Protein chains: 4
Amino acid sequence: MVKPIDSSIKDEKLIQQRREELQKGAVSLFKQKGFHRATTREIAKAAGFSIGTLYEYIRKKEDVLFLVCDAIYDEVKARMEAFFETQETSEHTLHQAVKSYFELMDDMQDEVLVLYQELKALPKDAQEYVLDKEKEMLQLLERVIQNSYPDLSDHQLTIIANNIFIQGQMWGFRRWILQKEFTLAQYTNLQFELLKSQLELTRGG
Amino acid sequence: MVKPIDSSIKDEKLIQQRREELQKGAVSLFKQKGFHRATTREIAKAAGFSIGTLYEYIRKKEDVLFLVCDAIYDEVKARMEAFFETQETSEHTLHQAVKSYFELMDDMQDEVLVLYQELKALPKDAQEYVLDKEKEMLQLLERVIQNSYPDLSDHQLTIIANNIFIQGQMWGFRRWILQKEFTLAQYTNLQFELLKSQLELTRGG
Amino acid sequence: MVKPIDSSIKDEKLIQQRREELQKGAVSLFKQKGFHRATTREIAKAAGFSIGTLYEYIRKKEDVLFLVCDAIYDEVKARMEAFFETQETSEHTLHQAVKSYFELMDDMQDEVLVLYQELKALPKDAQEYVLDKEKEMLQLLERVIQNSYPDLSDHQLTIIANNIFIQGQMWGFRRWILQKEFTLAQYTNLQFELLKSQLELTRGG
Amino acid sequence: MVKPIDSSIKDEKLIQQRREELQKGAVSLFKQKGFHRATTREIAKAAGFSIGTLYEYIRKKEDVLFLVCDAIYDEVKARMEAFFETQETSEHTLHQAVKSYFELMDDMQDEVLVLYQELKALPKDAQEYVLDKEKEMLQLLERVIQNSYPDLSDHQLTIIANNIFIQGQMWGFRRWILQKEFTLAQYTNLQFELLKSQLELTRGG
DNA sequence: CATGAATGAGCCTTCATTCAT
DNA sequence: GATGAATGAAGGCTCATTCAT
């Protein structure tokens with residue numbers, strides 16, 4: 001799907017390239033100061049071009065935020081797909097998937113923090129567009145779980161996927177408490193142990 | 001601890017009253033537009049006084065946010081204490097506590113959303129002051145869990161308390177997905193079932 | 001002459017007393033921050049009463065400035081009259097008068113600085129009223145000079161009186177240069193030497 | 001020395017040009033209302049640009065005042081140097097110098113008034129920077145005097161230079177009295193006569 | 001008479017956006 | 001296509017002044 005942002009530039013390839021530069025610079029800027037405190041001048045500078053050029057590739061400051069959120073989601077999703085796409089159906093697979101997902105969340109914690117903290121600054125329609133991507137990710141997770149535990153009810157599947165999903169995000173969001181008490185490995189193992197006890201019981205039931 | 005915000009007003013009781021009005025108006029405003037998009041004039045209006053009067057009770061716009069966050073935390077904590085403070089140590093108690101907590105989070109979902117979404121707009125020291133209150137709430141939760149399941153390790157206790165804590169918050173945060181699929185009662189029951197299976201296993205182990 | 005400032009207070013004696021308190025506090029405040037930077041609240045506080053009470057004795061902030069300027073002039077003039085009122089007509093008298101005047105300017109340098117630096121903030125009519133007092137002081141000086149040197153032309157008298165007058169003020173105004181190089185005694189003696197050489201020549205001419 | 005004021009404009013030449021426009025407009029505005037009463041919008045308008053543009057060339061309102069003071073000093077000094085730089089050492093030269101200086105002060109009386117009345121509104125460091133320029137001017141005067149009257153003591157030189165300096169300024173400052181009684185030529189001649197009598201005597205002594 | 005809470009006009013400053021070069 | 005100077009709406013905040021108690 002093409003990004004629904006107008007540009008006065010004709011060269012499609014150039015647009016892609018510039019928007020990538022833009023998005024890269026903007027993320028690191030938003031990490032530091034958040035979207036609202038970052039000025040368009042700073043955004044342009046961080047992206048390596050002039051304020052005038054910035055406005056050749058976007059129409060409003062909000063568009064930058066959309067570009068950023070979109071890019072983060074795309075990266076998260078791409079990396080999730082990379083390690084979720086597997087045929088095996090074993091506990092080991094799920095363990096591996098959860099581990100990989102938590103590592104991804106650890107790796108991208110700043111980006112994910114930006115994503116959720118600035119989401120509300122997007123216009124409603126952009127929010128929905130972006131949240132749809134999140135649903136797709138949840139489905140990825142659900143599928144992996146179902147592969148190993150096919151007997152779970154829909155509700156159970158939904159809620160467990162959601163729990164795993166947010167537990168990964170919380171590792172970054174609540175770093176002020178979690179990362180003071182646990183290493184990532186500890187956190188992953190503990191969460192997986194708990195998860196397993198839930199799933200085992202369900203399977204048994 | 002007294003709110004560390006200067007005021008040019010001498011009547012201490014009036015300060016309390018006005019700040020409460022202020023905080024009430026501000027929360028409902030921040031729910032709609034967020035802190036950054038709300039102007040000081042709007043804040044004053046929402047609180048029912050003039051811009052001049054607003055600045056008799058705060059020094060900077062930021063102070064309003066602090067007042068708001070502080071008040072939300074205080075209310076959440078007070079209400080948690082109200083139903084957590086119990087002597088019984090049974091599963092039933094824990095169930096009741098989780099249920100009450102989830103209901104609280106349902107009741108205050110807008111406030112809690114504001115709280116976490118604007119926290120980063122506070123100055124660093126105010127953030128820390130506020131996060132300390134969160135730690136106290138976690139301890140409340142831990143204590144309730146421990147009463148019923150005294151054999152849990154510290155790590156298990158921490159992580160389970162955290163999980164419950166954020167699952168409550170997520171009911172509001174992720175309403176776009178959870179509240180579409182579940183009623184609050186369903187969500188509570190499902191989460192508690194999962195929780196119980198974890199705890200039972202641990203107890204058994 | 002009564003100060004042409006309205007007051008809602010009836011008791012004349014109280015008005016005098018309050019205005020004196022006001023003026024005393026204001027001068028010391030204006031010394032520090034100047035008229036524009038001083039707020040009415042600070043003025044009231046410096047005078048020892050509330051902002052409400054302040055406005056019982058003045059109508060506008062400007063009135064405070066007028067009161068202050070007026071009081072400074074009155075004090076300067078009163079003290080000048082005290083040592084200028086003499087019947088003797090000798091060089092010694094003039095020397096003494098200049099010396100006393102310079103000492104007065106040294107003593108009141110902060111006040112005089114305030115006076116001249118804020119004069120332009122007064123309304124035109126108040127400025128004129130105040131400058132009339134300055135003319136009277138110049139006349140005092142002229143009379144003392146003329147007593148000793150009766151042959152001076154009107155122009156000479158005017159200009160010499162003016163020169164002495166401003167040389168006294170400059171001791172305070174240009175303290176950053178004069179008071180670094182001279183003691184008050186040195187400055188006085190040097191200026192008087194120069195003055196005498198002018199006057200002697202004129203007398204001889 | 002470069003003006004130590006930041007600007008977001010890159011074109012150095014444009015900065016010079018705009019700041020000159022700014023300074024010209026501001027002086028004439030400050031003449032009328034003084035620095036404090038002039039709003040930034042008025043300053044921008046007087047300079048011929050918008051409020052936004054104003055702030056591309058300065059950072060704070062104070063900077064305008066600095067620009068103005070600095071420019072006035074520079075002009076005064078440049079014009080003084082123009083007629084003081086002479087090799088001859090005669091009374092005639094000194095007379096000419098004093099005459100030219102008084103004419104300069106007459107010509108720039110509004111600017112000089114602004115300069116001294118608003119100096120205290122500058123930050124301390126800017127005040128010192130500006131007063132240093134004044135010292136240089138005094139030295140110019142001292143040198144001219146010394147050329148004609150090499151036997152004067154340091155103290156005499158300092159005080160006579162100071163006297164001349166302020167007598168020039170007073171022509172403008174005290175116009176309400178001096179310019180009512182004298183023409184500039186009269187004032188100049190009278191002051192020079194007095195000065196000469198001082199100097200002659202000293203030479204003779 | 002004294003007090004101080006309330007008011008709002010108006011100030012300084014920022015920054016998203018435009019457009020001539 | 002790129003640049004950056006120009007713009008002005010809008011925001012945060014102050015403070016002289018009023019008036020009910």
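Just the heavy atoms: all of them, side chains too, but no hydrogens, waters or symmetry mates, feed the values below. Quick note on labels: first sequence line is chain A, next is B, and so on, each numbered from 1. As the structure is a computational prediction, the values presented were derived from the model and not from experiment.
The minimum heavy-atom distance linking C:Ala47 with C:Leu22 is given by the pair CB-CA, 3.6 Å.
If you measure from atom CG of A:Leu29 to atom P of E:dC15, you get 12 Å, rounded to the nearest angstrom. Going from atom CD of D:Glu42 over to atom P of E:dC11 covers 7 Å, rounded to whole Å. Between the C1' atom of E:dT3 and the NZ atom of C:Lys45 lies a distance of 15 Å, rounded to the nearest Å. The interatomic distance linking D:Arg19 (CZ) with F:dA6 (P) rounds to 13 Å, in whole Å. Whole-Å rounding puts the D:Lys60 NZ to E:dC11 P distance at 17 Å. The interatomic distance linking D:Leu22 (CG) with F:dA6 (P) rounds to 12 Å, in whole Å. Rounded to a whole Å, the CD1 atom of A:Ile15 is 10 Å from the P atom of F:dA2. Rounded to whole angstrom, the span from the CD1 atom of D:Ile43 across to the P atom of E:dC11 amounts to 11 Å.
Remark: B:Arg59 is not in phosphate contact with F:dG12, judged by side-chain N or O atoms under 4.0 Å from OP1 or OP2. One finds no side-chain N or O of B:Tyr55 lying less than 4.0 angstrom from the OP1 or OP2 phosphate oxygen of F:dT14.
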Strictly under 3.5 Å: I want the nitrogen or oxygen pairs between protein and nucleotides 9-11 of chain F, one per line.
unit_1 : atom_1 : unit_2  : atom_2 : d
F:dA10 : N6     : D:Arg41 : NH2    : 2.6

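The side chain of B:Arg18 lies closest to E:dA6, out of E:dA2, E:dA6, F:dG1.
Residue order along DNA chain E, read from the 5' end via each residue's closest nucleotide, puts C:Tyr57 first among C:Tyr57 and D:Thr53. For the pair B:Glu62 and A:Ser50, both in contact range of DNA chain F, the more 5′-proximal nearest nucleotide belongs to A:Ser50. Remark on DNA chain F: of its neighbouring residues A:Ile9 and D:Ile9, the 5'-side contact belongs to A:Ile9, judged by nearest-heavy-atom nucleotide. Comparing B:Leu54 and A:Ile58 by the nucleotide of DNA chain E whose heavy atom lies nearest to each, the residue mapping closer to the 5' end is B:Leu54.
The base-pairing partner of E:dT7, taking Watson-Crick or G-U wobble contacts with both distances under 3.5 Å, is F:dA16. The partner of F:dT21, taking Watson-Crick or G-U wobble pairs whose two distances both stay under 3.5 Å, is E:dA2.
In this structure, the side chain of C:Gln32 engages the main chain of C:Ser28 through a donor-acceptor pair within 3.5 Å.
For B:Lys60, the NZ atom counts as loosely surrounded, since its 6.0 Å shell holds 12 or fewer non-hydrogen atoms of other residues, nucleotides or ligands. Annotation: B:Lys45, atom NZ; neighbour count of heavy atoms from other residues, nucleotides and ligands within 6.0 Å does not exceed 12.
Of the options A:Gln17, A:Lys24, A:Arg19, A:Gln23, a side-chain hydrogen bond (donor to acceptor under 3.5 Å, both in side chains) to A:Glu21 is made by A:Gln17 and by none of the others.
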